[in-house]
Amino acid sequence: MGTRSQIERSGRNTASLGRKRSVRPKARRPSETGVQRLQVLSDAARNLLATGNPLELLERIYEGLSVVGIDFYFHFAVESRGNCMKLRASGGISDDEAQKIITLEFGQAVCGTVARDLQAVVLADVQRSDEPMTQFIRGLGIRAYACHPLLASGRLFGTLSFGTRRHNAFSPELIDTTRALADMFAAAIARKEAEEALAERARLLDQTKDAILVRDMDARITFWNRGAEVLYGWTEKETLGKVPYELLRSEFPEPLDQVLAKFKRDNFWSGEVIQTTKDGRRIIVLARWTIDRNSQGEPAGVIQSQTDITERKKVEQSLDETAARFRLVVEGAPNGMVMVDRRGIMTLVNAQMERLFGYTSAEMIGQPIEMLVPERYRKSHPGQRQSFFHSPEVRAMGHGRDLFARRKDGSEFPVEVGLNPAETPDGTVVLAAVIDITQRKRMEAELAKAHEELAGHARNLEATVAERTAHLEQTIAELEGVSYSLSHDMRAPLRTIHSFAQIILAEAGEKLGPVESELLKKMISAASRLDRLIQDVLIYSRVARESIQLKPLNVEQLLRQIIHERPDFQPPKAEIEIQLPLEPVHGHEAYLTQCITNLLDNAVKFVRSGTLPRIRIWSEQVGDLVRLWFEDNGIGIPKDASERVFGMFQRVHGELVYPGTGIGLTIVRKAVERMGGTVGVESEPGRGSRFWLQLPRGTSA
Amino acid sequence: MMTVHPILHVEDREEDVFLLKYAFSRAEIKNPVQVVTDGQMAIDYLAGTGKFADRKTFPLPCMVLLDLKLPLKMGLEVLEWIRQQPSLKSLIVIVLSSSIFEGDIQRAYQLGVNAFLVKPSDANAMADMCKALKHFWFTYNQPPVECREFH
């Protein structure tokens, strides 16, 4: 609508101006004044060209032209759809009339014809013309008419025409002037349109997030968009005239002169550049340089577009690092590592895989994993693989079955395979660790063999032990047989001798002489001594052989019982003093009874004739042990005999004076040893003996 | 006339048979003594088989004095057999052994012996033992029903 109001206003002004000017007195000398006025006009026009609105310019021109007899002007502009023009400005006609020519087809009327033919039309004596194209201007009373095409940069922008009612023809100077005005006007329109297009482009550039700048051939910034302000922090004002790569302290991927040389060669350059913003931040941008050419096609500058890729680079870098680390881990793994996708295709293998299977990684990647599976398992493997992908979990492959893998040369080896599912952008994959367990299997086999051998040895050993035990048991059985015979068969005849001698003595005593009676008595005594000997040997063999259970014993109680049962241990035959308290011991009741009895037997036996046996008993604690002392007032034992007295059948004193079997102390020593103790004696001849038994201390009696 | 039950003496050694008889006379034990000299004879006697079929000549004893070391069947086998016979379960059986052999003692009691005596080598001691035997078994002890006829 702006265009229309412009038209209206122009029309009014033109009408009024036309009337005033028509009465001016100096109208008669148009030539000289006209040239002067034209000079002024062209100066004004030149000034206006720099900044002004072409339509405004046109009105000024028309105003100036009225003095030289111009009553009308029309400006048509080519419509964007082409082949058609619209009236954009006019002077000297009413609105109603203007409405009639608001649109002109190419070839219609004078202006349409000019537009179609791109050639100016200058008409004289219009009122006498009968051409159809002049119908409209004839109706306006126009007598002379000049219409020029508006051509600039090889383009048709429209037409500009002038008319007069006052003359039948334009002077050649005026025709030249109108042509010059039309050319000037065309240039102004072209310029304005270019500016508008440029402004539109700049607006678009400002809308992009990319930082866009233009530098001229001297590398000075001539344009700096909004994106550049946002990215770098400098406003356009601050940057115009500066050299961009100095301002931004650009670090190029290669030396600047090489970058510039490449750009000169290709008219294009692109690369990642590190730059520094106004606040000192270092950013990475993807820069694209393209050549900017002027209308003549000559290089006019460089359009630089920069996209900030700092964040992307960081992400890429961390992704790269992660990937690199992953690869490093996979590559450095001591096991074969293979990544398999959902289809069972190997997508990654490490060097260990190459070593294990004899394939190169290129031979494996892209191939189904089944190529590494022995033929006999190949059919079932894809199904198992798919069921794993169905419910992926970190686990060992094979569920405990023995697994085998197949090398390139067809040989097989035992493996252990760990499966690790992983989610990737390309879907679930499985990273499998393959361990060659040939060595382990061999060691297991060797170990099993060693175990078997060991078990064999153990069995042999057991057999040997069993054999020897059987042997020993046989020996013991034989010994027991001997003992049994000793006790049974040897004692039986002895009993006969003993008893029959007694019966003879009892029944026929008076028939015998004193010598015979004495012999019978000696016979009886010898038999009984032999019987005691046999009994002692049996006791000894029993003590040495029997298995016994040890328990805490109350020594005092035991001692009192022994004394109570044996009159010869009691006054008047003997005096036994017990020094309390007696420590409890750990032992076997029957064995300890045997020991104490034997010691007391000796103590009361080995005294000088006529001496009352006096015995003192006490206990002494020696660490965890208890030592029981038996001190007597007997005849004592020679020092060199103190060990010998414990030997079997060892006798220190004559049989006649001190009868005995010579086994008593041997039994004591064996019994004490069986109870985990020791026995000893301290003695001097004539000063009595101190026998001791040492046994583990009883925890409670 | 009341039946006098004999004492069955199972003993292969003639001397020991004599010593027991001597000791019995010293102890004034008046029961007749039937002597068998091996284990099988003892079983035959008690079972009333073979030459012991006549119970008038060989009446059931009221007590068995059993030596352990015997020909054919050992004393403990005889004891075992006795305890397996329902009619002989309560028969008084006393082992009269030559030796104290722990294993024999345990086994004899397990098989149901009534007493385990060791033959003294002294004739006087033997007489003393028989007196004790008489006092205990014939005077103080209350014997099973069929063994009442002691005097």
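Residue numbers start from 1 in every chain, and the chains themselves are labelled A, B, ... in the order their sequence lines are given, proteins ahead of strands. On a predicted model such as this, the values are computed, not experimentally measured, just so you know.
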Q: Determine, step by step, whether A:Ile503 and B:Leu19 satisfy the side-chain contact (heavy atoms from CB on, under 4.5 Å) criterion, reporting the C-alpha distance in whole Å, the side-chain angles of both residues, the deciding distance to 0.1 Å, and the verdict.
A: CA-CA 9 Å; A:Ile503 292 168; B:Leu19 283 173; 3.5 Å; yes
Q: Would you find more than 12 non-hydrogen atoms of other residues, nucleotides or ligands less than 6.0 Å from A:Glu589 atom CD?
A: no
Q: Does A:Lys573, at its NZ atom, have more than 12 non-hydrogen atoms belonging to other residues, nucleotides or ligands within less than 6.0 Å?
A: no
Q: Give the minimum heavy-atom separation between A:Ser499 and B:Ser121, together with the two atoms involved.
A: OG-O, 2.9 Å
Q: With a 4.5 angstrom heavy-atom cut-off, is it the side chain or the backbone of A:Ala501 that approaches chain B, or both, or neither?
A: neither
Q: Testing the basics here: between B:Asp16 and A:Arg495, what is the closest heavy-atom pair and its distance to 0.1 Å?
A: OD2-NH2, 2.7 Å
Q: Taking atom CD as the centre, does B:Glu14 end up with more than 12 heavy-atom neighbours from other residues, nucleotides or ligands that are less than 6.0 angstrom away?
A: no
Q: Can you confirm whether B:Lys73 is buried at NZ, in the sense that more than 12 heavy atoms of other residues, nucleotides or ligands lie under 6.0 Å from that atom?
A: no
Q: Should we count CD of B:Gln84 as having more than 12 external heavy atoms under 6.0 Å?
A: yes
Q: Judged by modelled atom types alone, do B:Tyr22 and A:Gln502 share a side-chain donor-acceptor pair under 3.5 Å?
A: no
